[in-house]
Amino acid sequence: MTLKVAVLGARGRMGAEVCRAVEGADDLDLVAALDAGEDRSGAEGADVAVDFTHPDAVMDNLAWCVGHGIGVVVGTTGFTPERLDRVNELLGHHPRVGVLVAANFSVGAVLMMHFAERAAAFYESVEIIELHHPGKADAPSGTAAATAARVAAARTAAGLDAPPDATSSGLEGARGARADGIAVHSVRLRGLVAHQEVLLGSEGETLTIRHDSLDRVSFMPGVLAAVRALPERPGLTVGIESVLGLT
Ligand SMILES: NC(=O)c1ccc[n+]([C@@H]2O[C@H](COP(=O)([O-])OP(=O)(O)OC[C@H]3O[C@@H](n4cnc5c(N)ncnc54)[C@H](O)[C@@H]3O)[C@@H](O)[C@H]2O)c1
Ligand SMILES: O=C(O)C1=N[C@H](C(=O)O)CCC1
């Protein structure tokens, strides 16, 4: 069966890549490629919409798609627990519709988050450095925020206190931002795509887990797997771990 796919944010960096990937797949049909200000009615009749837009736009797109019975694969970042609650609320009125939200669709980034979560219980110190292209709207990245949440939960479960840090003076921001109590440092540099390091340390050793997306094609296998899985997944799915068979 051919799935009808609409792309929202179609002229953006990710949306354009998704359009190319959908057009290149025999089992998918690109029925709408829409960007800001364009009439969403072009997406009516799609089986799945893919949203790579902006944290300020995505909730409205989601409400529209779910209200029209269209499942949504969401790559746009900015999904706080409150936003996920709102998505669940929307889906409560449309129980046959599926929404999958993932901060990162690259297989390597999914594994990097998984390894960081596993390692977190064994190290006293942990910090995250995320590095992205300078066109990125949000900081820290959605991937860094998701990693911090998972690492913080693993530390709590292991009974670890806050990472040691004797800093008592310095320039504001020098120690990064705090996401779930974990220091996150955001670099924006021309030439980069999407990169992250999780630095872990204890007495006498460190462990660095690093992932690099060198091209946006790295996100496409995950996006297409989510599109293909969505019709069989009503309700909210967070992350692509279950789609990839990692959980
Ligand atoms: N989950 C992932 O794997 C992943 C990977 C890369 C980027 N992202 C996220 O995807 C989002 C987009 O990233 P990007 O680099 O493609 O940004 P971008 O700025 O290149 O593209 C966003 C596009 O969305 C359009 N847009 C804005 N509002 C819209 C609306 N209401 N309806 C339709 N289109 C709208 C913009 O005009 C633009 O063309 C960001 O939140 C980014 O963090 C996620
Ligand atoms: O390029 C971006 O923007 C990216 N956004 C996601 C994030 O914020 O984690 C995923 C990586 C690329």
Side-chain angles (χ1 to χ4, degrees), residues 6-21 32-43 46 49-65 68 70 72-80 83-84 99-113 116 128-150 177 179 184-198 210-227 237-241 243-244:
V7 175
L8 305 176
R11 282 196 289 283
R13 287 172 287 257
M14 282 298 289
E17 196 68 54
V18 174
C19 288
R20 279 190 287 277
L34 303 170
D35 207 272
E38 290 173 355
D39 188 356
R40 283 180 297 212
S41 64
V50 180
D51 187 298
F52 280 96
T53 58
H54 190 281
D56 294 344
V58 63
M59 292 307 286
D60 190 50
N61 283 342
L62 258 172
W64 186 91
C65 289
H68 284 76
I70 304 169
V72 197
V73 169
V74 184
T76 306
T77 46
F79 276 82
T80 57
R83 280 193 167 198
L84 292 175
V99 170
L100 183 148
V101 179
N104 202 308
F105 282 92
S106 91
V107 172
V110 169
L111 290 171
M112 176 258 297
M113 287 189 270
I128 297 170
I129 306 174
E130 56 94 338
L131 313 92
H132 282 82
H133 60 93
K136 183 163 176 57
D138 54 325
S141 69
T143 308
T147 310
R150 289 169 63 170
V184 181
H185 310 270
S186 296
V187 176
R188 296 292 175 264
L189 202 72
R190 185 73 69 206
L192 295 181
V193 178
H195 318 257
Q196 179 167 297
E197 283 186 7
V198 183
R210 179 172 174 122
H211 174 257
D212 297 274
S213 269
L214 306 170
D215 190 299
R216 290 181 179 82
V217 294
S218 62
F219 303 109
M220 296 306 119
V223 171
L224 296 193
V227 166
T237 304
V238 178
I240 56 167
E241 283 82 349
V243 171
L244 297 177

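Indexing begins at 1, ligand by ligand and atom by atom, following the structure's order.
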Heteroatom proximity flag, N104 to ligand 2, N/O under 3.5 Å: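 No - when backbone and side-chain N and O of N104 are compared with those of ligand 2, no distance drops under 3.5 Å.
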Nitrogen or oxygen of H133 less than 3.5 angstrom from that of ligand 2: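 Min N/O separation from ligand 2 is below 3.5 Å for H133.
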Between [X] (side chain only) and [Y] (backbone N and O only), is there a donor and an acceptor less than 3.5 Å apart?
X    : Y    : value
E130 : S141 : yes
D35  : R11  : yes
T76  : T53  : yes
D212 : L214 : no
H133 : G135 : yes

Contact summary for [X] and [Y], nearest pair of heavy atoms:
X    : Y    : result
E17  : V217 : OE2-CG1, 3.3 Å
M113 : T147 : CG-OG1, 3.3 Å
M14  : R216 : SD-CD, 3.8 Å
G42  : A32  : O-CB, 3.3 Å
G78  : R83  : O-CD, 3.1 Å

Proximal ligand 1 atoms for K136, defined as those under 4.0 Å from one of its heavy atoms: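 That gives atoms 43 (O) of ligand 1.
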Contact atoms of ligand 1, heavy-atom distance to F105 under 4.0 Å: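 Here the atoms of ligand 1 in question are 1 (N), 2 (C), 3 (O).
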Side chains of [X] and [Y]: closer than 4.5 Å at any heavy-atom pair?
X    : Y    : value
L100 : F105 : yes
L131 : L189 : no
F79  : V238 : no
D51  : L62  : no
I70  : W64  : yes

Note the single closest protein heavy atom to [atom], along with its residue, its atom name and the distance in Å.
atom                    : value
atom 22 (C) of ligand 1 : T53 O, 3.4 Å
atom 34 (N) of ligand 1 : A36 N, 3.1 Å
atom 3 (O) of ligand 2  : K136 NZ, 2.9 Å
atom 8 (N) of ligand 1  : G75 O, 3.7 Å
atom 4 (C) of ligand 1  : F52 CE2, 3.6 Å
atom 36 (C) of ligand 1 : D35 OD1, 3.3 Å
atom 19 (O) of ligand 1 : R13 NH2, 3.5 Å
atom 28 (N) of ligand 1 : A57 CB, 3.6 Å
atom 11 (C) of ligand 2 : H132 NE2, 3.5 Å
atom 5 (C) of ligand 1  : M14 CE, 3.6 Å

Given that the side chain starts at C-beta and the backbone is N, CA, C, O, which of these parts of [X] lies under 4.0 Å from ligand 2, counting heavy atoms, or is it both or neither?
X    : value
E130 : neither
T77  : side chain
M14  : neither
A194 : side chain

Sub-4.0 Å heavy-atom approach of Q196 to ligand 2: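 Under 4.0 Å: no for Q196.
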Geometry only, no angles: is [X] polar-contacting ligand 1 at N/O separations under 3.5 Å?
X    : value
H133 : no
G15  : no
F219 : no

Region of A102 that comes within reach of ligand 1 [heavy atoms, distance under 4.0 Å]: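 The part of A102 near ligand 1 is the backbone, not the side chain.
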Per-residue contact class, A103 against ligand 1 - non-hydrogen pairs under 4.0 Å: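 Only the backbone of A103 comes within reach of ligand 1.
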Option nearest atom 30 (C) of ligand 1 (shortest heavy-atom distance, choices N104, N61, D138):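 Looking at heavy atoms only, the winner is N61.
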Nearest candidate to atom 10 (C) of ligand 2, where distance is taken over non-hydrogen atoms, out of S141, A103, G142: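 Closest candidate by heavy-atom distance is A103.
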Donor-acceptor side-chain pairing of S218 and S213 below 3.5 angstrom: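 Yes - a donor-acceptor pair under 3.5 Å links their side chains.
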Ligand-side contact atoms (ligand 2) for residue partner T143, heavy atom cut-off under 4.0 Å: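 In order of numbering, the contacting atoms are 7 (C), 9 (O), 10 (C).
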